[in-house]
**Student:** 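Here you go, one structure.
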Amino acid sequence: MRESFFERAWDVVRQIPEGRVASYGQVARLMGAPRCARQVGYAMHGSPGVAGGVPCHRVVFADGSLAPGFAFGGPGEQRRMLEAEGVCFRPDGRVDMKKSAWEV
DNA sequence: GGTTTGACGAGTT
DNA sequence: AAACTCGCCAAAC
């Protein structure tokens, strides 16, 4: 059943524990496509959302910055959601990958 | 079946 | 430090 690349991406994102964040490249790597970070990001855009079991808000850039224009109701909503899960943020507005990076 | 696109990443300027 | 460019690759047109 070779699910589409997207569905596989969702499956990996689904495994991200609470209070942790994973970069697009990280997710892509876990799915066996380390070069497909962009496709992962695009898959997130088309994800069913948290209601579908895909916490796309836990997926961030490799730098720890969030996607511009992200919205579950507002760009600041994602940060608020992550903080609520225990994710550490830096004054720059980026996620503290050093503490909140998803350890596989 | 070729072209365009894009929630990335790393390298340059 | 921030902005820009190039490369990668799957999905949509």
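In the text below, chain A, chain B and the rest are named by the order of the sequence lines, each starting its count at 1.
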**Student:** First locate atom OH of A/Tyr42, then atom SG of A/Cys36, and finally report the distance between them rounded to the nearest 0.5 Å.
**Tutor:** 15.0 Å
**Student:** Between CZ of A/Arg8 and CD of A/Glu3, what distance do you get to the nearest 0.5 Å?
**Tutor:** 8.0 Å
**Student:** At their closest point, which heavy atom of A/Trp102 faces which heavy atom of A/Ala22, and how far apart are they?
**Tutor:** CE3-CB, 3.6 Å
**Student:** Taking all heavy atoms of A/Ser47 and all of A/Val54, pick out the closest pair and write down the distance.
**Tutor:** CB-CG1, 3.8 Å
**Student:** If you measure from SG on A/Cys56 to NE2 on A/His45, what distance do you get to the nearest 0.5 Å?
**Tutor:** 10.0 Å
**Student:** Can you confirm whether A/Arg20 is buried at CZ, in the sense that more than 12 heavy atoms of other residues, nucleotides or ligands lie under 6.0 Å from that atom?
**Tutor:** yes
**Student:** Atom NE2 of A/His45 to atom C1' of B/dT5: distance rounded to whole Å?
**Tutor:** 13 Å
**Student:** Tell me the interatomic distance from A/Asp63, atom CG, to B/dA10, atom P, rounded to whole angstroms.
**Tutor:** 8 Å
**Student:** Let's test your reading of the model: under 3.5 Å, does the base of C/dC8 pair with the side chain of A/Arg38 as donor and acceptor?
**Tutor:** yes
**Student:** Across nucleotides 1-6 of chain C, 5' to 3', mark each nucleotide with B, S or - according to how protein heavy atoms within less than 4.0 Å reach it.
**Tutor:** ------
**Student:** Give me the residues of residues 17-24 of chain A where at least one heavy atom lies under 4.0 Å from an atom of DNA chain B, by number, or none.
**Tutor:** A/Ser23, A/Tyr24
**Student:** Could you check if a side-chain atom of A/Gln26 sits within less than 4.5 angstrom of a side-chain atom of A/Val59, using non-hydrogen atoms only?
**Tutor:** no
**Student:** Report the distance from atom CD of A/Gln15 to atom CZ of A/Arg58, rounding to the nearest 0.5 Å.
**Tutor:** 12.0 Å
**Student:** Side chains of A/Pro48 and A/Trp10: closer than 4.5 Å at any heavy-atom pair?
**Tutor:** yes
**Student:** Tabulate atom names and distances for all N/O pairs under 3.5 angstrom spanning the protein and nucleotides 10-12 of chain C.
**Tutor:**
unit_1	atom_1	unit_2	atom_2	d
C/dA11	OP1	A/Phe5	N	2.9

**Student:** For residues 69-83 of chain A, which side-chain N or O atoms pair as donor and acceptor with protein atoms under 3.5 Å away, sequence neighbours left out?
**Tutor:**
unit_1	atom_1	unit_2	atom_2	d
A/Glu77	OE2	A/Arg80	NH2	3.0
A/Gln78	NE2	A/His57	O	2.8

**Student:** Could you state the CG-C1' distance from A/Leu30 to B/dC8, rounded to the nearest angstrom?
**Tutor:** 15 Å
**Student:** Would you tabulate the side-chain donor-acceptor contacts of residues 88-100 of chain A under 3.5 Å, counting partners in other chains and residues two or more places apart, or write 'none'?
**Tutor:**
unit_1	atom_1	unit_2	atom_2	d
A/Asp96	OD1	A/Lys98	N	3.1
A/Ser100	OG	A/Cys88	N	3.0

**Student:** Please classify the nucleic acid contact of A/Ala37 as base, sugar-phosphate, or nothing, using heavy-atom distances under 4.0 Å.
**Tutor:** sugar-phosphate
**Student:** Could you check whether any side-chain heavy atom of A/Pro55 comes within less than 4.5 Å of a side-chain heavy atom of A/Val13, counting everything from C-beta outward?
**Tutor:** yes
**Student:** Return yes when atom CZ of A/Phe6 has more than 12 non-hydrogen atoms of other residues, nucleotides or ligands closer than 6.0 Å, and no otherwise.
**Tutor:** yes
**Student:** For DNA chain C, which ranges pair as stems of 3 or more consecutive Watson-Crick or G-U pairs, with both donor-acceptor distances under 3.5 Å?
**Tutor:** B:2-6 with C:9-13, B:8-13 with C:2-7
**Student:** Check the distance between B/dG9's C1' and A/Leu66's CG and give it to me in whole angstrom.
**Tutor:** 16 Å
